[in-house]
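Presented below is the structure to which this report refers.
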Amino acid sequence: MNKFLTLLLLLTTLFAKVTLAQTNISFKTYGHDDEVIYGMSGVSSFYFRMDPLVDMNRSKLVLYFEPSQALIKNLSYINILLADKPVFSGRMTQDSIQRLVIPLNSSYLTDNKQFLKVQVKTLLTITDNKCKDLDNPAMWIKVKGYSFLSLVKSSKNVYNDVNISNSFESKTAIVYPTNPSLNDLKAVAWAYNKIKRSLAVSDLHVYSYDKVPDTIRNYVMVGTMDQLPADKKSLITVTPQGGQGLMYLYKSNVTDSSAYRPRFVSSISAARQAFSSNEILFITGADDDGYNKAITALGNYNILNSSFGNYLVVNTASNDNIKNLNQQRTKLTFRDVGGVSNFMSGIGSLRSTYTFKNSDFSFTPKEVEIRFIGTYSGMNPADRGYFNIYLNGMLINSQKLNETGKLNTSVVVNRYQHRKYNSLTAEFRFYPSTGNCMNSFLNFFGEIDVDKSYLESRNPFVNNTLSFYQYPEAFNEGPSQIVISKNYAKYAAGAVGEVIYELNNNLNSNNFPDFKYSDEVQDGDLKKYNIVALLAKDDPLMDKFPDAPIKFNHAFRLYNNEDNKLVYALSDSVSNGLAQIFYGRGSNNAILVLTATGQNLDGAFLSASKAITEQLSTLNSNVCVADLNDNKYLFNVDKATDNIEYTDAKSGLARFWESYNLYVLLGILVLILLAFLYVRSKVQRSQDIIGE
């Protein structure tokens, strides 16, 4: 009897672990907030990258959606498709928030086994009369952002499915030597670029060897073999020879016991670590020469994407995908910017959305021609059909559809209409004639040809001064250098990674700068290269930038040009990152200088490097100040104007007067008053004597 109870308890424990070994990841964590599906018949698609350690056959999708209160629920339907296969269809219930639980399996993954595609399609009814429902704004459902995937880690030994080619997607940190060399910073930068381009995460961290938190279990470690900590070096079972680089993926079966408790994760970082064991990807080499080869391989995606083993010995390496940086990229097809063919049919609003960046072009465009080429079903005489173009949510063009069924239209937008990052929406809007409404419900179709439709940049935006609006495409033409103050190298790793990522976050993706210490830079380099400099405030190189808007090696204050009010005063008591962009002394070579103040120098550098990559509203900002609390200040500073004042350039007497002038004036006023009273008393006394 006791043996039976013991066996039963053991089975119960094992069953509990199997059923509870799950991690819940919300749509919002994946980047999908509440998604509204409009119209009588609408669809939204969601893509989720799946870790190779997930057991899809024991995982499930939990979907929450909120239907419009105006719908006739028993005549409104929702359809769920996984990998374009229908898995659920049903009427809506009377609940205000409705819940669906759909079991998953491995057949729902894409062909490369990396993504799960979820589609939600609707067919909605309000009046039971399709002709009246066509353009009713009350026809919608909202897929809630707290919908989630409940994912279970596989109980099988699936670690063979994890290799160098797919391991970057699960990394959340990069670890580098405590006193990094230029090669170490270069390795951090290219690893950072690869990881961030994989999932465009915002919470990627960098740590030196001596500051790695115990909670970080899945990361990239860089450094030559003799630099690696002894306990980590012992994990590498392959020894590179002289001149050889090495990428080595260490995988451990030891997992966190909390993985056996159902849990929600609240960040991309936690989502990516949810199923990972103690996993380290080493980027190393037997010596500096081999280490450089491994770093070079990091920038070659052909090598990385075909590395299906746990280690890669690099004997030779080159960036075969490097193209001429002067190559002009003025015309991009919709497929170039990620567009896919989308056959649309139905009534009402049928939309396709495309995104593009100014940096996808070889220069910042003053104008962009947007041309749409496609086909649609021809209009009957009484039908109403329009093709609308929206840029960043604003309607910029509308054209009436006709009986030909051929779409060929274009619109030119100027620099005030497009932004650094743009969302372009194409909309077919179709309403059949009233008499044929019921019979023509699904007769209309439309499709954009993504290979013939294109974006063409015109007239480079050229100004006397560079601005952050033109970053990073100002660095697309000509070779670049990353320049770092030697005594600030240990603070620059995260910012260098952010810079390299941004310089390559475009269709060209082949900007491989040289790395130099600031004391190695020659005067000729400042004219020949585009320069990204991460400098200490007192670095002598600062004096070699006479065209810089602000001398960061001096304390300064900025004033409003209109009313001369103080806008910003530099203070070392707060950790600030400071950035400025301007033309060098060469043939329009671009210069970006980052520096930092305060105690948290690495955080200050990183804040500045991130702030200048955001969607900035002004076309002319050339100075940016960012602190650790995500506060950003943008300025347009012309060195010929008088809205900047260097406070440490004043004499001691001038600074004393500026600080205490009110007190001095008040003291003088008091003295004058006392003198007046004294003289008055003397006069009064004299008058009294004469009177006597």
Side-chain angles (χ1 to χ4, degrees), residues 168 171-176 180 182 184-208 219-220 222 267-269 283 295 298-299 357-359 420-421 468-476 480-485 488-506 508-515 530-535 575-581 590-596 600-616 621 623-632 634:
F168 286 93
K171 302 296 176 287
T172 60
I174 303 168
V175 180
Y176 61 93
L182 287 179
D184 296 325
L185 293 178
K186 189 188 300 185
V188 170
W190 286 108
Y192 191 105
N193 176 66
K194 171 60 178 173
I195 296 171
K196 195 162 184 179
R197 283 174 64 85
S198 299
L199 288 177
V201 296
S202 59
D203 54 351
L204 180 59
H205 300 283
V206 295
Y207 303 101
S208 59
Y219 54 89
V220 174
V222 304
S267 69
I268 290 292
S269 175
I283 308 298
I295 297 169
L298 269 177
K357 303 182 291 291
N358 279 351
S359 59
K420 287 185 68 170
Y421 310 98
F468 295 124
Y469 177 75
Q470 297 162 273
Y471 174 76
E473 58 269 22
F475 293 79
N476 283 347
S480 299
Q481 279 189 351
I482 304 292
V483 177
I484 302 166
S485 295
Y488 269 34
K490 59 184 176 181
Y491 307 118
V496 169
E498 192 68 30
V499 167
I500 290 294
Y501 165 72
E502 195 62 31
L503 292 182
N504 290 275
N505 185 25
N506 53 57
N508 204 22
S509 187
N510 55 20
N511 199 336
F512 297 89
D514 294 328
F515 280 64
N530 298 313
I531 302 289
V532 178
L534 293 90
L535 303 178
S575 293
N576 287 321
L578 304 105
Q580 58 182 331
I581 189 169
I591 308 290
L592 172 67
V593 179
L594 303 174
T595 190
N600 191 340
L601 293 174
D602 48 355
F605 268 128
L606 185 59
S607 296
S609 64
K610 287 184 175 181
I612 60 176
T613 64
E614 296 179 355
Q615 182 83 278
L616 304 176
S621 299
V623 173
C624 175
V625 182
D627 63 24
L628 303 183
N629 299 318
D630 294 329
N631 296 313
K632 292 174 284 291
L634 299 172

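Because only heavy atoms are used, hydrogens play no part in the values below, and waters and symmetry mates are left out as well, while side chains stay in. This chain uses plain numbering: 1 for the first residue, then up along the sequence.
Remark: F605 CZ to L578 CG distance equals 9.5 Å, nearest 0.5 Å. N511 contributes atom CG, which lies 11.5 Å from atom OG of S359 (distance to the nearest 0.5 angstrom). For the atom pair D514 CG and Q481 CD, the distance stands at 5.5 Å (nearest 0.5 Å). The line from SG of C624 to CD1 of I581 is 11.0 Å long, rounded to the nearest 0.5 Å. With values rounded to the nearest 0.5 angstrom, L628 atom CG is found 8.0 Å from N576 atom CG. Taking CG from D602 and CG from N600, the interatomic distance works out to 5.0 Å, rounded to the nearest 0.5 Å.
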Do Y421 and T613 pass the side-chain contact (heavy atoms from CB on, under 4.5 Å) test, and can you show the C-alpha distance, the side-chain angles, and the key distance before you say yes or no?
CA-CA 10 Å; Y421 310 98; T613 64; 4.3 Å; yes

Residues L592, I612; criterion side-chain contact (heavy atoms from CB on, under 4.5 Å); working and verdict
CA-CA 10 Å; L592 172 67; I612 60 176; 3.8 Å; yes

Apply side-chain contact (heavy atoms from CB on, under 4.5 Å) to N506 and N476, showing your working.
CA-CA 10 Å; N506 53 57; N476 283 347; 4.0 Å; yes

Show your working on side-chain contact (heavy atoms from CB on, under 4.5 Å) between K194 and V220 and close with a plain yes or no.
CA-CA 11 Å; K194 171 60 178 173; V220 174; over 6 Å; no

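Between Y491 and Y488, the distance separating the two ring centers is shorter than 6.0 angstrom.
Without hydrogens or angle criteria, N504 side chain to N510 main chain gives a donor-acceptor distance under 3.5 Å. The closest donor-acceptor contact from the side chain of S480 to the backbone of P513 lies at 3.5 Å or more, if one exists at all. Using a distance-only test at 3.5 Å, with no hydrogens or angles considered, a donor-acceptor pair links the side chain of D627 to the main chain of N629.
Residue K632 comes nearest to A626 through the heavy atom pair CG-CB, 4.2 Å, listed as atom of the first residue, atom of the second, then distance. Summarising the geometry of Y471 relative to L503, their closest heavy-atom pair is CE1-CD2, 4.3 Å, with the distance given to 0.1 Å. The two residues A189 and I500 come nearest to each other via the heavy atoms CB-CG1, 3.5 Å. Nearest approach of A173 to L204, heavy atoms of both residues: N-CD1, 3.8 Å. The minimum heavy-atom distance between N505 and R197, with the atom names listed, is CA-NH1, 3.6 Å. The two atoms that bring A608 and L594 nearest to each other are CB-CD2, 4.3 Å, heavy atoms only.
In this structure, E498 pairs ionically with K196, as a charged nitrogen and a carboxylate oxygen lie closer than 4.0 Å.
Residue I195 forms a side chain to side chain contact (heavy atoms under 4.5 Å, CB included) with just one option from Y501, F168, Y219, and that option is F168.
Contacts of A492 classified as side-chain contact (heavy atoms from CB on, under 4.5 Å), with partners at least two apart in sequence or in another chain: I484, V496, L534.
In the displayed structure, K490 atom NZ is contacted under 6.0 Å by at most 12 heavy atoms of other residues, nucleotides or ligands.
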